[in-house]
> 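Got a structure for you, written out below as structure tokens; questions coming shortly.
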Amino acid sequence: MKHTEPCKEFSMVKWRMRRRRTACSGGGSTGGRSVRMKIKRLQKLIPGGKLMQPDRLFLRTADYILHLRLQLNLLQALSKIYQPSI
């Protein structure tokens with residue numbers, strides 16, 4: 001059995017709960033409104049997203065996530081280099 005990181009396991013549980021909740025909510029006309037609200041919220045989070053159509057917004061979101069991960073990796077590497085030796 002392969003060992004996974006605890007946060008990945010938690011993420012999968014959270015995802016399953018979210019899927020179950022949205023599947024039970026019924027859909028219909030409120031489903032479209034919910035998607036539009038989520039897109040509006042995403043447009044506010046992504047720099048320059050307010051002017052983008054959803055298809056471009058999703059691509060930009062993926063790029064933005066990658067960019068943030070790279071920044072995080074860089075900062076973690078720098079903090080390891082510059083940690084004071086005790």
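Note that the structure is predicted; figures quoted are calculated from it, not measured.
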> If I take atom NE2 from residue H67 and atom OG1 from residue T61, how far apart are they, to the nearest 0.5 angstrom?
14.0 Å
> List for me each residue that meets side chain to side chain contact (heavy atoms under 4.5 Å, CB included) alongside L78, sequence neighbours excluded, and say none if there are none.
L74, Y82
> When Ile, Leu, Val, Met, Phe, Trp and Tyr are grouped by side-chain heavy atoms lying under 4.5 Å apart, directly or through other members, which residues fall in the same group as M37?
none
> Roughly how far, to the nearest 0.5 Å, is the NZ atom of K50 from the CG atom of L45?
10.5 Å
> Any chance you could pull the hydrophobic cluster mates of I46, using side-chain heavy atoms under 4.5 angstrom and chaining through other members?
V35, I39, L42, M52, L57, F58, Y64, L68
> For Q76, check side chain to side chain contact (heavy atoms under 4.5 Å, CB included) against everything at least two apart and list the hits.
L72, N73
